Amino acid sequence: VIRAQTQTSPGYVPDSKFYKVEAILRPWRVPQVSSALLKMGIRGVTVSDVRGFGAQGGSTERQGGSEFSEDKFVAKIKMEIVVSKDQVEAVIDKIIREARTGEIGDGKIFLVPVSDVIRVRTGERGEQAERMAGGRADTSVPA
Ligand code: ATP
Ligand code: GLN
């Protein structure tokens, strides 16, 4: 049985103050994921409609023929969430808990170190730019 559980970042993850958690998920699970993130004080999220193939799209395709054809791509949502280092594992854990069905096609999460954050409105950089109103600094709820 595969269980979703919080882990610490493995040693091969480059050290950074900020990371982008990039999750490719089933579209119908995204509202559940985003409201859970909001509840833990994660307010900055970007989503895009994407299409892709993994084990889910690929298995259908292999039965059909040798070439990938575009109509075999499966609709997914990409969520991109930039957070500070100490929030990464909690965010990953939350996404898994809310997005997982256990069936092929649940998606994948990529963790990307982010060098800097710049808020366009103010020109702030780093921690000040990454911090969100209503986020961790404004609530007593641990992120
Ligand atoms: P401001 O206070 O100037 O509004 P802000 O930090 O609230 O700054 P916005 O300008 O509201 O940022 O953000 C614009 C868009 O940037 C958001 O709609 C969202 O798509 C994206 N975004 C902002 N912060 C993050 C983040 N931490 N992770 C992922 N996407 C983000
Ligand atoms: N780290 C930010 C905060 O605690 C939240 C980041 C985000 O919402 N993506 O305010």
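Given the structure is predicted, the values throughout are model-derived calculations rather than measurements. Numbering of ligands and ligand atoms starts at 1, following listing order.
Taking 4.0 Å as the cut-off between side-chain N and carboxylate O, Asp49 and Lys78 do not count as a salt-bridged pair. Taking the charged nitrogens against the carboxylate oxygens, Lys17 and Glu127 do have a contact shorter than 4.0 Å, which makes a salt bridge. Between Asp86 and Arg136, at least one side-chain N (NZ, or NE/NH1/NH2) sits under 4.0 Å from a carboxylate O, which counts as a salt bridge.
Distance remark: protein heavy atom present below 4.0 angstrom from atom 20 (O) of ligand 1. Taking a distance limit of 4.0 Å, we find that atom 14 (C) of ligand 1 is approached by no protein heavy atom. Closer than 4.0 Å to atom 17 (C) of ligand 1 lies none of the heavy atoms of the protein. Atom 9 (P) of ligand 1 is not flagged as protein-proximal [any protein heavy atom, distance under 4.0 Å]. Per-atom contact check: atom 28 (N) of ligand 1 touches the protein, criterion being a heavy-atom distance below 4.0 Å.
Residues Val88 and Ile24 fall into different hydrophobic clusters, defined by Ile, Leu, Val, Met, Phe, Trp and Tyr side chains chained together at heavy-atom separations under 4.5 Å. Tracing side-chain contacts under 4.5 Å through hydrophobic residues (I, L, V, M, F, W, Y), one reaches Leu37 starting from Tyr19; they form part of the same cluster.
For ligand 2, the polar-atom distance check finds no N/O of Val83 at less than 3.5 Å from any of the ligand's N/O atoms. Where the criterion is an N or O separation shorter than 3.5 Å, residue side chain and backbone included, Arg131 fails it with respect to ligand 2. For the pair Gly44 and ligand 1, the shortest N or O to N or O distance falls below 3.5 Å. Looking at ligand 1, you won't find any N or O of Met132 less than 3.5 Å from one of its N or O atoms. Considering backbone and side-chain atoms alike, Gly135 places every N or O at 3.5 Å or more from each N or O of ligand 2.
Put simply, the side chain of Ser48 reaches to within 4.5 Å of the side chain of Glu80, judged on heavy atoms. Using a 4.5 Å cut-off on side-chain heavy atoms (C-beta onward), Ile42 and Met132 make no contact. With a 4.5 Å cut-off on side-chain heavy atoms, Met79 and Thr46 do not count as touching. Taking the side chain as every heavy atom from C-beta outward, Ile95 and Ile81 approach each other to under 4.5 Å.
The distance from ligand 1 to the heavy atoms of Ile81 drops below 4.0 Å at these ligand atoms: 28 (N), 29 (C). Taking every heavy atom of Val82 and a limit of under 4.0 angstrom, the matching atoms of ligand 2 come to 6 (C), 7 (C), 9 (N). Residue Thr46 approaches ligand 1 through these ligand atoms, each under 4.0 Å from one of its heavy atoms: 19 (C), 20 (O), 21 (C), 22 (N), 29 (C), 30 (N), 31 (C). Residue-ligand proximity, Arg43 to ligand 2, at heavy-atom distances under 4.0 Å covers atoms 7 (C), 8 (O). Under a 4.0 Å criterion applied to the non-hydrogen atoms of Ile42, ligand 2 contributes the atoms 7 (C), 8 (O), 9 (N).
Heavy atoms of Thr122 found under 4.0 angstrom from ligand 1: none, in either backbone or side chain. Looking at Val82 against ligand 1, both its backbone and its side chain come within 4.0 Å, counting heavy atoms. When non-hydrogen atoms are compared, ligand 2 lies under 4.0 Å from the backbone of Glu130 as well as from its side chain.
Nearest to atom 6 (O) of ligand 1 by heavy atom, out of Gln87, Arg119, Arg131, is Arg119.
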Worked check of side chain to side chain contact (heavy atoms under 4.5 Å, CB included) between Val50 and Ile77: CA-CA 6 Å; Val50 296; Ile77 298 282; 5.9 Å; no
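There is no side-chain donor-acceptor pair under 3.5 Å between Ser84 and Arg131.
The nearest protein atom to atom 1 (P) of ligand 1, hydrogens excluded, is given as Arg121 NE, 3.5 Å; this is a heavy-atom distance.
Just one of Gln128, Glu130, Glu124 meets the side chain to side chain donor-acceptor pair (under 3.5 Å) condition when paired with Arg119; it is Glu124.
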